[in-house]
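Accompanying notes for the structure given below.
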2 protein chains.
Amino acid sequence: MSTAKVTAQRKIGSRRAEIQDAAATLFARQGYSGTGMEQIAAAVGLVPASLYNHWPSKQAILAEIIVTYEVETLEAFNRAIRDKLTAGDALYAAATTRLSYLLRHGRQAAITDREKLLLDAESLTRVHGLQNAHFTGLRALVEQGQRQGEFDQDTDSLFATVALLEMGTRLATSFLHQAEYPSWGEVSGAGTVLQMSDGEVLANMDEASAQYATMALRMVSHHPA
Amino acid sequence: MSTAKVTAQRKIGSRRAEIQDAAATLFARQGYSGTGMEQIAAAVGLVPASLYNHWPSKQAILAEIIVTYEVETLEAFNRAIRDKLTAGDALYAAATTRLSYLLRHGRQAAITDREKLLLDAESLTRVHGLQNAHFTGLRALVEQGQRQGEFDQDTDSLFATVALLEMGTRLATSFLHQAEYPSWGEVSGAGTVLQMSDGEVLANMDEASAQYATMALRMVSHHPA
DNA sequence: CCTACCGATCGGTAGG
DNA sequence: CCTACCGATCGGTAGG
């Protein structure tokens with residue numbers, strides 16, 4: 001497959017987005033510091049200097065990837081829990097929505113996870129604010145379920161919230177590194193059929209999300225009233 | 001062997017370890033590519049060229065950090081499950097042992113997670129073999145528990161195994177980035193009192209390990225026969 | 001969007 | 001363990 005053909009298939013006039021997408025793939029695979037502007041340029045068929053017509057710096061590409069990812073993550077969470085009648089329903093919706101989003105943005109999740117400390121102070125403050133809002137919202141949900149008797153009272157809500165969030169991040173980013181678990185991507189008994197190619201999930205995200213949400217409810221010992 | 005020579009060898013030996021320890025701190029914080037030999041040298045009060053009296057290359061430091069971490073992780077797992085009478089007991093022991101080890105080696109866990117793909121082919125093959133042995137052993141434990149009726153039959157063992165492993169890794173490496181969750185490190189209700197300083201856990205690992213193991217058992221719906 | 005090029009920094013070596 | 005230094009590569013700029 002020629003680079004020219006792939007480039008031609010993309011929308012003309014979205015060079016900026018094309019560069020960001022190529023950067024995301026490379027950052028996820030090699031890390032930010034391990035990726036040069038020359039590699040990004042080569043991936044989109046340009047010479048390094050031309051990238052600066054679309055982006056002011058390498059840092060700016062990183063910052064937009066991370067901030068966009070965190071903004072969308074928080075929006076997805078708030079949308080998911082809206083109008084849910086019980087804590088169990090809200091947690092289930094938050095979990096399925098989160099894993100579904102994560103599986104479709106595995107590169108961005110991995111980059112945020114690894115490189116966010118390299119951001120400038122302003123962007124980092126914003127990212128921490130977004131992450132804190134997400135964390136606080138999820139923790140409030142856990143504690144609400146505990147007060148209402150739906151979730152186990154003895155669970156430490158701080159610990160459970162961290163575990164829920166981190167388990168999701170890791171499950172999703174794991175798909176970027178299939179080699180780690182050779183059987184990963186196989187057809188598996190309960191329907192976690194997941195095939196990755198160039199950072200994209202091709203099949204059966206819904207089943208994986210349901211499995212994740214079920215485990216999330218088990219972790220807080222959900223027992224519907 | 002003269003006393004002077006032994007002393008000299010000890011000095012060299014401790015320098016080697018001192019350099020590796022400083023590198024681990026920097027790699028965990030800034031990434032492998034983001035850390036220069038000059039920074040490592042400065043951290044131990046040397047000039048960059050002097051590092052090459054103790055290590056042949058920057059890559060060699062990375063490789064030893066990762067391989068040692070994986071070897072010890074597998075050993076700890078095999079020791080933990082030895083002689084346990086039920087799958088539930090074995091899973092509980094594996095979980096507490098794992099989190100305890102991870103909390104004491106958060107930097108190495110984070111580095112392995114992020115940088116292992118940068119290893120030379122030989123080291124990477126070895127690391128993948130060690131990880132696969134750990135993964136296979138844990139999955140076998142889950143399936144044994146399912147066959148014996150201790151764990152829920154409907155859980156996908158592949159998915160559950162990945163989730164268990166990744167949740168542990170993330171919980172531990174999260175402590176390296178306290179800023180992420182401002183309340184992290186506080187005194188928390190159920191005893192997850194964890195204070196970090198320079199990558200070291202100072203208090204109450206046992207309670208955190210127990211919380212983690214309890215969640216692990218819940219994830220597979222453990223119900224003692 | 002290109003050619004040409006900059007100063008800074010990289011991992012690593014020579015020699016004592 | 002140091003001083004001195006290497007070629008390669010880095011992110012970014014000037015000018016057209």
Side-chain angles (χ1 to χ4, degrees), chain A residues 3-4 6-8 10-27 29-66 111 114-115 117-121 123, chain B residues 4-27 29-66 111 114-115 117-120 123:
Chain A
T3 302
V6 171
T7 303
R10 291 195 175 131
K11 300 274 182 190
I12 296 167
S14 59
R15 269 289 202 221
R16 200 186 126 93
E18 191 186 353
I19 291 166
Q20 191 187 45
D21 189 70
T25 298
L26 290 164
F27 291 168
R29 191 186 301 147
Q30 309 171 346
Y32 174 80
S33 299
T35 301
M37 292 299 263
E38 187 164 5
Q39 288 178 278
I40 298 170
V44 296
L46 294 179
V47 100
S50 300
L51 298 176
Y52 294 91
N53 290 311
H54 305 278
W55 294 90
S57 69
K58 188 186 171 191
Q59 277 270 349
I61 305 177
L62 178 70
E64 191 173 295
I65 288 172
I66 293 178
I111 292 164
R114 295 174 190 190
E115 318 285 7
L117 293 180
L118 300 179
L119 292 178
D120 57 292
S123 296
Chain B
K5 192 171 183 182
V6 170
T7 305
Q9 281 184 343
R10 268 192 201 134
K11 267 188 186 170
I12 289 174
S14 66
R15 266 291 198 222
R16 203 184 121 93
E18 190 186 354
I19 291 164
Q20 192 188 44
D21 190 70
T25 299
L26 290 164
F27 291 168
R29 191 186 301 148
Q30 310 170 343
Y32 175 80
S33 299
T35 301
M37 293 299 262
E38 187 165 1
Q39 288 178 278
I40 299 171
V44 296
L46 293 179
V47 102
S50 300
L51 298 177
Y52 294 90
N53 291 310
H54 305 279
W55 293 91
S57 69
K58 188 185 171 191
Q59 278 269 351
I61 305 177
L62 179 69
E64 190 172 297
I65 289 171
I66 294 178
I111 293 163
R114 281 135 88 133
E115 318 286 7
L117 294 178
L118 301 179
L119 291 179
D120 58 292
S123 297

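Chain identifiers are assigned alphabetically (A, B, ...) following the order of the sequence lines, protein sequences preceding nucleic acid strands; residue numbering begins at 1 within each chain.
- One can place CD1 of B:Ile40 at 10 Å from P of C:dG12, the figure rounded to the nearest angstrom.
- With D:dG11, C:dC1, D:dC1 as the choices, the nucleotide that has an atom nearest any side-chain atom of A:Ser50 turns out to be C:dC1.
- The separation between A:Gln59 atom CD and D:dG12 atom P is 8 Å, rounded to whole Å.
- Closest approach to the B:His54 side chain among D:dC1, D:dT13, D:dA4 is made by D:dC1 (side chain taken as heavy atoms from C-beta onward).
- For B:Lys58, counting side-chain heavy atoms from C-beta on, the closest listed nucleotide (D:dG11, D:dC1, C:dG12) is C:dG12.
- The side chain of A:Met37 has D:dG11 as its nearest neighbour among D:dC1, D:dG11, C:dT13.
- Rounded to whole Å, atom P of C:dT3 lies 16 Å from atom OH of A:Tyr52.
- For A:Ala49, whose side chain is taken as the heavy atoms from C-beta onward, the closest listed nucleotide among D:dA14, D:dG11, C:dC1 is D:dA14.
- Each of A:Gln39 and A:Pro56 was matched to the nucleotide of DNA chain D holding its nearest heavy atom; the match closer to the 5' end belongs to A:Gln39.
- From A:Ser14, atom OG reaches atom CD of A:Gln20 across 11.5 Å, with rounding to the nearest 0.5 Å.
- C:dG11 atom C1' lies 14 Å from atom CG of B:Leu62, rounded to whole Å.
- Of all nucleotides present, only C:dC1 satisfies the Watson-Crick or G-U wobble test against D:dG16, with each distance under 3.5 Å.
- Between the OG1 atom of A:Thr35 and the CD atom of A:Glu115 there is a distance of 8.0 Å, given to the nearest 0.5 Å.
- Between the CG atom of A:Leu46 and the C1' atom of C:dT3 there is a distance of 14 Å, given to the nearest Å.
- Residue A:Thr35 is classed as a sugar-phosphate contact, given heavy-atom separations below 4.0 Å to backbone atoms only.
- What separates CG of A:Leu51 from P of C:dC1 is a distance of 10 Å, to the nearest Å.
- Nearest nucleotide to the side chain of B:Glu38, out of D:dT3, C:dC1, C:dC10: C:dC10.
- Taking CD1 from B:Ile19 and CD1 from B:Ile40, the interatomic distance works out to 8.5 Å, rounded to the nearest 0.5 Å.
- B:Asn53 has its CG atom 13 Å from the C1' atom of C:dA14, to the nearest Å.
- The distance from atom CZ of B:Arg16 to atom P of D:dC1 is 14 Å, rounded to the nearest whole Å.
- A:Ile111 contributes atom CD1, which lies 8.0 Å from atom OG1 of A:Thr25 (distance to the nearest 0.5 angstrom).
- Across D:dC2, D:dG12, C:dT3, the shortest atom-to-atom separation from the side chain of B:Val47 is found for D:dC2.
- To the nearest 0.5 Å, atoms CZ (A:Arg15) and CG (A:Leu46) are separated by 4.0 Å.
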